[in-house]
Amino acid sequence: MIIKDNNHPSHCLFTLLSSRGLLGGNMLGLVGFIGGDLHATSGRHLRCTLRSPTVQQTSGSTNHPQRAWLASQAPLCGHQTPKHRTGLYGPFTHPQQTLGSSRGPFSLPLFTQRVALSQGPNTSTAKIRLRTRLVVTLLFGGGLLGTWWYVRDEKQQNHQMQRIEQLKKVALGQGDFSLLDHRGHRKTKRDFLGHWVLLYFGFTHCPDICPDELDKISAVVSALDKDRSLPAVQPLFVTVDPERDDVAALERYVKDFHPRLIGLTGTPEEVKVAGKDYRVYASPGPKDEDGDYIVDHTILIYLVNPDGLFLDYYNRMKDDVQIAESVRNHMKSYVKL
């Protein structure tokens with residue numbers, strides 16, 4: 001059965017009636033589909049609203065279906081006054097809204113409107129803007145970080161060069177020496193260029209201080225050897241008592257310490273020249289009944305870089321861990337002349 005609404009010719013009400021007598025079963029009977037507006041200006045847009053009425057039967061009364069609309073009860077875009085129309089079962093409200101089309105207003109179900117808006121150009125534009133801001137922020141931050149790193153590196157190099165110039169003015173360890181090692185070979189300062197050197201002045205008859213300092217040097221060298229990224233350190237021991245510390249005495253003495261330790265000796269004049277380059281003080285004390293004596297001398301460990309330039313010194317208050325850390329830092333900041 002087809003019923004037309006003369007007040008609204010664009011609406012067609014299709015109602016399928018079914019009764020117990022026609023279908024025979026316990027089917028309740030009224031399912032309707034109400035169509036929407038088919039605008040003349042937009043032949044492609046059609047709004048269909050599903051209405052599922054429920055049949056209520058009361059004695060002495062007719063069936064009145066209850067209409068259920070899936071469309072929104074308020075416009076989604078802007079505030080508009082809904083248009084009131086009179087349909088088959090009385091007046092009803094049909095909300096309409098304009099989506100900005102030049103072809104005229106048309107209505108969509110609420111779910112369709114939300115999907116359309118959520119997938120619209122505004123979301124894509126927002127994503128593009130967010131990505132652009134992230135890229136700009138990363139580029140700007142990377143530029144600042146690179147500039148800071150460059151300035152920091154330049155500052156460290158300038159500081160290192162200034163320190164080298166200051167050490168040159170000190171004139172410590174800039175002379176050359178010529179001594180015999182514990183195997184009887186002549187060694188000069190040039191033989192140790194290109195190597196990091198830990199240098200100590202002492203004597204083999206020293207009761208406690210010299211052995212303690214040489215043990216400390218051995219521990220430092222062993223600790224640095226564990227780091228394969230660092231160059232090897234050459235330990236040197238120069239005697240301040242050449243009268244008793246000949247080549248044979250040094251050979252016996254250095255065996256008790258690091259295997260790379262080299263002992264150096266020479267004539268009293270050669271030893272004096274070597275000590276003078278590093279401003280080492282040495283003075284033999286009085287001899288006892290057995291002819292033994294103690295040599296009072298400077299107790300310092302000197303660090304010499306591969307250019308043969310004195311860099312740092314360590315007194316008895318520095319332990320092997322502190323010295324190793326200091327040497328490691330000097331190696332990392334080393335600038336070749």
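Only a predicted model underlies this, so the values are computations on that prediction, with no experimental measurement involved.
Residues in residues 261-271 take part in these salt bridge (charged side-chain N to carboxylate O under 4.0 Å, His left out) pairs, two or more places apart or across chains: Arg186-Glu270. For residues 228-244, every residue pair satisfying the salt bridge (charged side-chain N to carboxylate O under 4.0 Å, His left out) rule, not counting sequence neighbours, is listed here: Asp241-Arg244, Arg244-Asp292. For residues 254-266, the pairs satisfying salt bridge (charged side-chain N to carboxylate O under 4.0 Å, His left out) are Asp225-Arg260, with sequence neighbours left out.
For Phe257, the ring-ring contact (aromatic ring centres under 6.0 Å, His included) partners two or more places apart in sequence, or in a different chain, are Tyr253. The side chain to side chain contact (heavy atoms under 4.5 Å, CB included) test applied to Lys336 returns Asp307, Tyr334, not counting sequence neighbours. For Arg190, the side chain to side chain donor-acceptor pair (under 3.5 Å) criterion is met by Asp176, not counting sequence neighbours. Taking Lys187 as the reference, nothing meets the salt bridge (charged side-chain N to carboxylate O under 4.0 Å, His left out) condition, with sequence neighbours excluded. With sequence neighbours left out, the ring-ring contact (aromatic ring centres under 6.0 Å, His included) criterion links His297 to Phe203. In terms of the side chain to side chain donor-acceptor pair (under 3.5 Å) criterion, Ser222 has no residue partners (sequence neighbours excluded). Every residue meeting the side chain to side chain contact (heavy atoms under 4.5 Å, CB included) condition with Pro231, not counting sequence neighbours, appears here in chain and number order: Trp196, Met331.
Counting only heavy atoms from C-beta outward, the side chains of Tyr302 and Val238 never approach each other to under 4.5 Å. Residues Pro235 and Val220 have side chains not in contact (no heavy-atom distance under 4.5 Å, counting atoms from C-beta outward). His330 places none of its side-chain heavy atoms less than 4.5 Å from the side chain of Asn305.
At a cut-off of 3.5 Å, with distance as the only test, no side-chain donor of Thr265 or Asp245 sits close to an acceptor on the other residue.
No donor-acceptor pair closer than 3.5 Å links the side chain of His182 to the backbone N or O of Leu250. Without hydrogens or angle criteria, Thr298 side chain to Val280 main chain gives no donor-acceptor distance under 3.5 Å. At least one donor-acceptor pair closer than 3.5 Å links the side chain of Asp191 to the backbone N or O of Thr188.
In this structure, Leu144 shares a hydrophobic cluster with Phe140, the cluster being traced through Ile, Leu, Val, Met, Phe, Trp and Tyr side chains under 4.5 angstrom apart.
Under a cut-off of 6.0 angstrom, the local environment of OH in Tyr313 is sparse, with at most 12 non-hydrogen atoms contributed by other residues, nucleotides or ligands.
When the side chains of ILVMFWY residues are joined at heavy-atom separations under 4.5 Å, either directly or via intervening members, Leu230 and Val233 end up in a single hydrophobic cluster. Connection of Tyr200 to Val273 is not established within any shared hydrophobic cluster, with ILVMFWY side chains joined at heavy-atom distances below 4.5 Å, either directly or through further cluster members. The hydrophobic clustering, which links ILVMFWY residues whose side-chain heavy atoms are closer than 4.5 Å, places Phe177 and Leu180 apart. A continuous path of hydrophobic side-chain contacts links Ile209 to Val254 [ILVMFWY only; heavy atoms under 4.5 Å].
Considering every non-hydrogen atom in both Tyr293 and Pro286, the closest pair reads CB-O, 3.5 Å. Closest approach of Gly202 and Cys210 over heavy atoms only: CA-SG, 3.8 Å. Heavy-atom minimum distance, Ser229 versus Asp227: OG-OD1, 2.6 Å. Considering all non-hydrogen atoms of both residues, Ile299 and Glu213 come closest at CG2-CG, 4.1 Å. Residue Pro268 comes nearest to Pro242 through the heavy atom pair CA-CG, 3.8 Å, listed as atom of the first residue, atom of the second, then distance. Smallest separation of non-hydrogen atoms from Val271 and Gly266: CG2-N, 3.8 Å.
Atom CG of Leu261 is separated from atom CG of Leu214 by 6.0 Å, given to the nearest 0.5 angstrom. Between atom CG of residue Asp312 and atom CD1 of residue Ile301 there is a gap of 11.0 Å, rounded to the nearest 0.5 Å. Atom-to-atom distance recorded for Leu303:CG and Phe310:CZ is 8.0 Å, nearest 0.5 angstrom. Separating the CZ atom in Phe237 from the CZ atom in Phe201 is a distance of 10.0 Å, to the nearest 0.5 Å.
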Can you give me every donor-acceptor pair (side chain of residues 317-325, partner residue at least two apart or in another chain, under 3.5 Å) with its distance?
from   : atom 1 : to     : atom 2 : distance (Å)
Asp319 : OD1    : Val321 : N      : 3.3
Asp319 : OD1    : Gln322 : N      : 2.8
Gln322 : OE1    : Asp319 : N      : 3.2
Glu325 : OE1    : Arg328 : NH1    : 2.8

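With Ile217 as reference, Leu198 is the one residue of Leu198, Leu199, Leu236 to meet the side chain to side chain contact (heavy atoms under 4.5 Å, CB included) rule.
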